[in-house]
Amino acid sequence: MDLRVKLSLKVKIFLSVGLFYLAAVGTLTYLTIRSQRNLLLEQMAERAKAGISLMELSVTGALYKLDIFRLETIAREAKALPDVDYAYIFDNNGRIVGDYHEDQNQLFLTFTDELGKRILKSNEILVNIGDKKDILDISKPVNLGHQRLGGIRLGFDLNPILEEIRTVTFKAVGIATAIFLLGLGFIFIITARMTKPLEKLTVAAKRIEEGDLQYRVAIDRDDEIGSLAKAFDQMAERLMQREKELKESQNTLRRADRLSSLGLLTAGLAHEIRNPLVAIRTFTQLLPERYEDAEFREGFQGLALKEVDRICGLINDLLSFARPSRPNVAEENMNDIVDGIARILETEAKEKSVEITRDFTPTLPKIWVDKEQLKQVFMNLILNAIQAMKEGGSIFISTRITSRNEHSDQFVQVEIRDTGIGISPENLEHIFDPFFTNKDEGSGLGLSISHQIVQEHGGYVTVESKVGVGTTFFINLPTGKPIRQLGNGRAHANEANLSH
Ligand SMILES: Nc1ncnc2c1ncn2[C@@H]1O[C@H](COP(=O)(O)OP(=O)(O)OP(=O)(O)O)[C@@H](O)[C@H]1O
Ligand SMILES: [Mg+2]
């Protein structure tokens, strides 16, 4: 299991600066406390040294004479010094000759503790802190000229000092915590201020990536972040400009593709229009002669109406196809769109001995599409199918509801199957490339534009083909409402799926 947590830049900066700050405040506090402690202990040692030196003055004579009474008095007098716990005066043999101690009388005994043994041997002042718990032990040899007479050993109670050190420590930790929390607050504010523009940039990058090219960061700052934001906005502006240009050239290509499809149709259509007109003309010529013939009149009226309606319908279909498409998404019935295009192409098909068969699912739900754009798709696909059959054949158009797999969304599928020459596997990889064509008169734009249109609708195209047998195109369009208005130049997430 991956336990790595994704931390935002803000949290990372905050944590690293915060930790560094904690280490700095912690170290400073520790050093302050330690130096305060040492200072207090040094002061205590100085006081002890002053005290022992004072005693030495009165001890020297008494020790020289070994005046035990006097020495005992001096030792007891040491009690007057602040915080004294014990006081010993010892002679040159290490015998205690004057003592003051709270608990026991040790007169004429010798020191049995390790420190005591060291003191007896030492020729200088010895200060010892903490060897015996909470006691500062100080000793000084007493000499007369070069003759060693003995020495003095005092013990000072450290508890008052330790209490003071505890108070200092407590205060220092309290102040340090307050400073740390205050600093942490500042770090938080500064980090937030520093990373906010970056967050804005991230949001902007995401919005642009999603296709919202109008989005701008708009950060007005004089530093590097400001320059970055400005560069970013300029980039978005240029991107929008390019997108617009691309869309315009796409539209030009689409218009050209429509016109070329129309060009292919005109010959057949002229024929389609002329035939009924000739019939109407003939009937009209005969009308004065056979005016009295009621059967003739009814027949003529029925035929003329039917043919004129048919021509009108055809011209309407053609006009709506020829009109430059303006993005206009609405709920449409796919059966109607496909049927309309098949109707326009029927003449062309008949001429090439191609039969168009329809098998539409009547319960197809309406879907959100740009009708004009989809007409162009089916025009291209059915024209391709007609052109793929040199000596006649059949085109089978069907519609149904489908889904990519059990859990995926539903799609409306239009299948266009022909019995034409088929496409070789090598060519199948390229048929959606712009300008790929195998035809003398072809521009190679039909499929690439169709593919683009379907993709913009959030749909996908699949193809199956066998050389000599025929080709089937499947156009799949999602049944949901499109998330974004179509025609903004960005395709939906679905990729064209080519299955051979
Ligand atoms: N139904 C089909 N049967 C066989 N080949 C096809 C079929 N549809 C497309 N193709 C092949 O794919 C190529 C590209 O098709 P596309 O519609 O993009 O361009 P075109 O038909 O050659 O030219 P245009 O459509 O611009 O007149 C065609 O030249 C043809 O070789
Ligand atoms: Mg084509």
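Counting convention: from 1, in listed order, for ligands and their atoms alike. All of these numbers come straight from a predicted model, not from anything done at the bench. Reckoned from all heavy atoms, side chains included, excluding hydrogens, waters and symmetry mates. Along the sequence shown, residues carry numbers from 1.
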| message | What protein heavy atom lies closest to atom 29 (O) of ligand 1? Include the residue and the distance to one decimal. | response | Asn438 N, 2.8 Å

| Are Ser398 and Arg400 close enough, and set up right, to give a side chain to side chain donor-acceptor pair (under 3.5 Å), and what steps lead you there? | CA-CA 7 Å; Ser398 56; Arg400 67 186 66 87; 2.9 Å; yes

| message | Quick one, Arg358 and Asp339 - any side-chain contact, counting heavy atoms below 4.5 Å? | response | yes

| message | Under 4.0 Å from a heavy atom of Ser443: which atoms of ligand 1 are those, numbered in the order shown and with their elements? | response | 23 (O), 24 (P), 26 (O), 27 (O)

| note | among protein heavy atoms, the one nearest atom 23 (O) of ligand 1 is Gly444 N, 3.1 Å

| remark: When rounded to the nearest 0.5 Å, the distance separating CD of Glu464 from OG1 of Thr471 is 10.0 Å

| For ligand 1, which atoms sit closer than 4.0 Å to a heavy atom of Ala388? | 2 (C), 3 (N), 4 (C)

| request: Answer whether the closest heavy-atom distance between the side chains of Val461 and Phe432 falls below 4.5 Å. | output: yes

| What is the closest protein heavy atom to atom 28 (C) of ligand 1, and at what distance does it sit? | Lys439 CE, 3.9 Å

| said: Check contact between Leu445 and ligand 1, using heavy atoms of the residue and a distance below 4.0 angstrom. | reply: yes

| Should you measure from each heavy atom of Gly422, which atoms of ligand 1 turn up under 4.0 Å away? | 4 (C)

| field | Flag for Lys439-Asn384: side-chain donor and acceptor within less than 3.5 Å | value | yes

| Closest heavy-atom pair and its distance - Pro365, Val412 | O-CG2, 4.2 Å

| note | The residue among Arg297, Glu289, Glu295 that forms side chain to side chain contact (heavy atoms under 4.5 Å, CB included) with Asp293 is Glu295

| field | Heavy-atom nearest neighbour in the protein, as seen from atom 14 (C) of ligand 1, with distance rounded to 0.1 Å | value | Phe436 O, 3.2 Å

| Is the distance between the Mg ion (ligand 2) and the nearest N/O/S atom of Thr437 smaller than 2.8 Å? | no

| request: Name the closest protein heavy atom to atom 4 (C) of ligand 1, giving the residue it belongs to and the distance to 0.1 Å. | output: Ile423 CG1, 3.5 Å

| message | Please list the nearest protein heavy atom to atom 22 (O) of ligand 1 with its residue and the distance rounded to 0.1 Å. | response | Thr437 OG1, 2.5 Å

| said: Please list the nearest protein heavy atom to atom 17 (O) of ligand 1 with its residue and the distance rounded to 0.1 Å. | reply: Asn384 ND2, 2.8 Å

| task | Output yes when Glu237 and Arg216 qualify as a salt bridge under the 4.0 Å nitrogen-oxygen rule, no when they do not. | result | yes

| said: Is there a polar contact, in the sense of an N or O pair closer than 3.5 Å, between Glu441 and ligand 1? | reply: no

| said: Suppose we measure from atom 11 (C) of ligand 1 to each protein heavy atom; which comes out shortest, and what is that distance? | reply: Ile431 CG2, 3.9 Å

| field | Exercise: identify the closest heavy-atom pair between Val454 and Tyr460 | value | CG1-N, 3.5 Å

| field | Gln43, CD: over 12 other non-hydrogen atoms inside 6.0 angstrom | value | yes

| When you measure from atom 2 (C) of ligand 1 to each heavy atom in Asp433, Asp418, Leu447, which option holds the nearest one? | Asp418

| request: Would you mind listing which atoms of ligand 1 come within a distance below 4.0 Å of any non-hydrogen atom of Gly442? | output: 23 (O), 27 (O)

